J.: 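The structure is given below, and queries will be raised subsequently.
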Amino acid sequence: MPPPRRARARLRWIDPFAPEHIRRLVAEFGSPLLILDCARVRTQYRNLRRALPGVDLHYALKPMPHAALVQTIVDEGGFLDLATTGEVQLVTSLGIDPARCIHTHPIKRDIDIRNALHAGVRVFVADNPDELEKFVPWRDTAELLLRVSFRAPGAVCDLSRKFGCDPEALLSLARRARELGLTVRGLSFHVGSQAPNSVKHLEAIETCGKLLAAARREKLGPLDTLDIGGGFPIGYGQRAPDIGRFCAPLRAALARLPRRVRVIAEPGRYIAGPAAIGVASVMGRAQREGHWWYYLDDGLYGSYSGQLYDHARYPVEALREGTERLPSVLAGPTCDSIDVIAENLMLPRLRAGDLIVGRSMGAYTWASASEFNFFPRATVIAVNRTAGDMGGV
Ligand SMILES: *Cc1c(COP(=O)(O)O)cnc(C)c1O
């Protein structure tokens with residue numbers, strides 16, 4: 001795999017998901033690739049803005065912590081959601097105004113808090129009394145969002161099992177924060193990723209509205225912010241859920257919040273997921289028990305790791321024409337038997353060097369890839385970086 005070359009200006013927009021451009025990018029940068037289309041990032045960001053007017057969108061870096069994506073969001077006027085010192089360092093290296101960032105990991109080491117404060121981040125999340133104590137030395141600078149838990153057994157990843165305080169315990173947590181002299185800016189929640197519908201968001205907004213009002217009556221802090229988290233779903237193969245329709249009940253619920261509450265959200269998957277494709281090459285093939293097995297240079301330990309960790313299924317296709325379709329298996333490169341991407345596919349007869357494309361691979365793919373067996377992670381190639389002249393790679 002040749003090393004990525006330096007950026008070169010190409011003053012035209014390209015469709016990086018079109019076969020001729022995929023082939024050209026692989027010829028130039030090698031394989032495997034993750035092709036990130038910043039134009040699609042902008043489309044996703046703008047669609048969610050339109051679906052949630054007045055809500056500030058903090059892109060959560062976790063699903064795809066890549067500089068080009070982060071910069072695209074900031075160039076759109078967006079904000080960021082950080083959770084680790086590594087993410088703080090990434091935005092710091094890009095010279096991004098820390099006032100655009102919040103830190104939302106509910107459990108932090110003192111060093112993580114210090115690193116974020118040192119970088120200029122001011123707003124943090126806490127969900128329990130022990131975590132509140134960690135902010136006592138910083139009570140003059142740091143402000144807190146208290147994370148409330150809303151269980152969502154229907155979500156693909158129920159994040160409220162691991163984090164958040166029960167709604168019934170929220171007021172006593174806020175009272176404890178006041179005793180410690182901390183500033184409670186507001187509340188946050190995350191109902192779980194890839195939400196099947198907006199029922200949980202709705203319930204959470206309504207409950208948080210009541211909790212905000214109750215905490216304000218007790219004068220437990222400014223309590224003028226509600227962070228409605230992420231979870232906005234995308235389509236994998238099936239038609240994407242309509243984000244305007246998904247958000248319509250949320251808009252109505254947000255309009256009923258106590259007056260002067262600033263609302264923010266932390267979308268990750270919705271922004272990053274549809275914006276990238278994975279491109280892998282056939283390394284070799286074998287016929288086994290009536291099926292063609294194709295061994296690719298990317299797999300479950302690489303960009304397809306989301307099939308394990310994120311329970312996603314990426315639509316895959318071969319960049320080869322052919323009317324004859326044969327029962328096929330796509331396997332990853334490592335020597336581990338679980339490293340199989342898809343079985344029982346009907347594909348044209350492929351050869352070494354043929355390309356396999358996986359769609360909707362921007363979120364929770366490359367981010368959780370490993371280099372098991374020393375197969376390198378895919379090279380990320382960001383295209384259409386700027387909105388105006390659509391400069392290339
Ligand atoms: C992962 C995460 C997100 C992003 O969630 P999506 O479902 O990808 O939108 C946002 N906020 C927090 C705190 C997270 O942990």
Side-chain angles (χ1 to χ4, degrees), residues 41 44-45 47-49 51-52 55-66 69-70 73 78-88 91 100-108 112 116 121 123-128 131 144-150 152 154-165 185-198 200-201 204-205 208 225-236 240-241 243 246-247 250 263-276 305-306 309-312 360-368:
V41 171
Q44 293 299 105
Y45 175 83
N47 286 350
L48 192 54
R49 282 282 289 169
L52 290 173
V55 177
D56 285 336
L57 303 183
H58 288 251
Y59 168 64
L61 267 64
K62 178 179 56 176
M64 182 58 185
H66 191 272
L69 205 170
V70 169
I73 295 296
F79 301 83
L80 301 169
D81 169 8
L82 315 176
T84 63
T85 290
E87 293 177 0
V88 169
V91 302
R100 305 195 83 77
C101 306
I102 56 175
H103 192 295
T104 63
H105 201 310
I107 308 288
K108 300 160 288 298
D112 298 314
V121 178
V123 178
F124 293 82
V125 165
D127 70 356
N128 71 85
E131 197 74 10
L144 295 177
L145 301 174
L146 301 182
R147 179 155 161 181
V148 188
S149 147
F150 296 93
V156 176
C157 312
D158 179 9
L159 287 169
S160 281
R161 191 168 85 91
K162 186 165 170 182
F163 298 118
C165 89
R185 194 83 249 174
L187 305 181
S188 78
F189 61 81
H190 192 306
V191 297
S193 208
Q194 186 72 358
N197 55 53
S198 42
K200 275 286 149 189
H201 282 93
I205 291 170
C208 283
T225 304
L226 177 61
D227 177 350
I228 65 172
F232 306 98
I234 63 170
Y236 288 96
I243 196 66
F246 183 94
C247 290
L250 277 54
V263 182
I264 66 179
E266 308 166 349
R269 180 192 309 274
Y270 182 80
I271 304 281
S305 54
Y309 298 129
D310 190 40
H311 318 290
S360 298
M361 286 189 68
Y364 306 108
T365 54
W366 179 80
S368 54

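Just so you know, ligand 1 is whichever comes first in the structure, and atom 1 is the first atom listed for that ligand. In this chain, residues are counted from 1 in sequence order. Note that the coordinates shown come from a computational prediction; the quantities given were computed from them, not determined experimentally.
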J.: Using only atom types and a distance under 3.5 Å, with no angle test, would you say the side chain of Ser305 pairs donor to acceptor with the backbone of Thr365?
T.: yes

J.: Enumerate the atoms of ligand 1 whose separation from the nearest heavy atom of Gly230 is less than 4.0 angstrom.
T.: 9 (O)

J.: Pairs of nitrogen or oxygen atoms closer than 3.5 Å, one from Gly268 and one from ligand 1: do any exist?
T.: yes

J.: If the cut-off is 4.0 Å to any non-hydrogen atom of Lys62, which atoms of ligand 1 fall inside it?
T.: 1 (C), 2 (C), 14 (C), 15 (O)

J.: Should Glu266 be counted as touching ligand 1, given the test is an N or O pair under 3.5 Å?
T.: yes

J.: Counting distance only, does the side-chain N/O of Arg269 pair as donor-acceptor with the main-chain N or O of Pro274 below 3.5 Å?
T.: no

J.: Go through ligand 1 atom by atom and flag the ones less than 4.0 Å from a non-hydrogen atom of Ala60.
T.: 3 (C), 4 (C), 10 (C)

J.: Please name the pair of heavy atoms, one in Val125 and one in Lys108, separated by the smallest distance, quoted to 0.1 Å.
T.: O-NZ, 2.6 Å

J.: Find all atoms of ligand 1 within a distance of less than 4.0 Å from any non-hydrogen atom belonging to Gly231, and give their numbers and elements.
T.: 6 (P), 7 (O), 9 (O)

J.: List ligand 1 atoms under 4.0 Å from Arg269, heavy atoms only on the residue side.
T.: 6 (P), 8 (O), 9 (O)

J.: Within the side chain of Ser198, is there an N or O that forms a donor-acceptor pair under 3.5 Å with the backbone of His201?
T.: no

J.: Provide the closest heavy-atom pair for Tyr45 versus Ile73 in the form atom of the first, atom of the second, distance.
T.: CD1-CD1, 3.9 Å

J.: Any N/O of Arg147 closer than 3.5 Å to an N/O of ligand 1?
T.: no

J.: Just to check, does Pro267 reach to within less than 4.0 Å of ligand 1 when the distance is taken from its heavy atoms?
T.: yes

J.: So, is Thr104 polar-close to ligand 1, with some N/O to N/O distance under 3.5 Å?
T.: no

J.: List the residues meeting side chain to side chain donor-acceptor pair (under 3.5 Å) with Asp127, not counting sequence neighbours, and say none if there are none.
T.: none

J.: Can you sort out which atoms of ligand 1 are near Ser193, meaning under 4.0 Å from one of its heavy atoms?
T.: 6 (P), 7 (O), 8 (O)

J.: I'd like to check whether Gly192 has a polar contact with ligand 1, where a contact means an N/O of the residue lying under 3.5 Å from an N/O of the ligand.
T.: no

J.: Is it true that Tyr364 lies under 4.0 Å from ligand 1, counting heavy atoms only?
T.: yes

J.: Does the ring centre of Phe163 sit less than 6.0 Å away from the ring centre of His105?
T.: yes

J.: List in chain and number order the residues that pass ring pair (Phe, Tyr, Trp, His ring centres under 6.0 Å) with Phe124, two or more places apart in sequence or in another chain; answer none if no residue qualifies.
T.: His103, Phe135

J.: Please check: side-chain N/O of Arg100 versus main-chain N/O of Gly78, any donor-acceptor pairing under 3.5 Å?
T.: yes

J.: Numbering the atoms of ligand 1 from 1, which are under 4.0 Å from a heavy atom of Asp81?
T.: 10 (C), 11 (N), 12 (C)

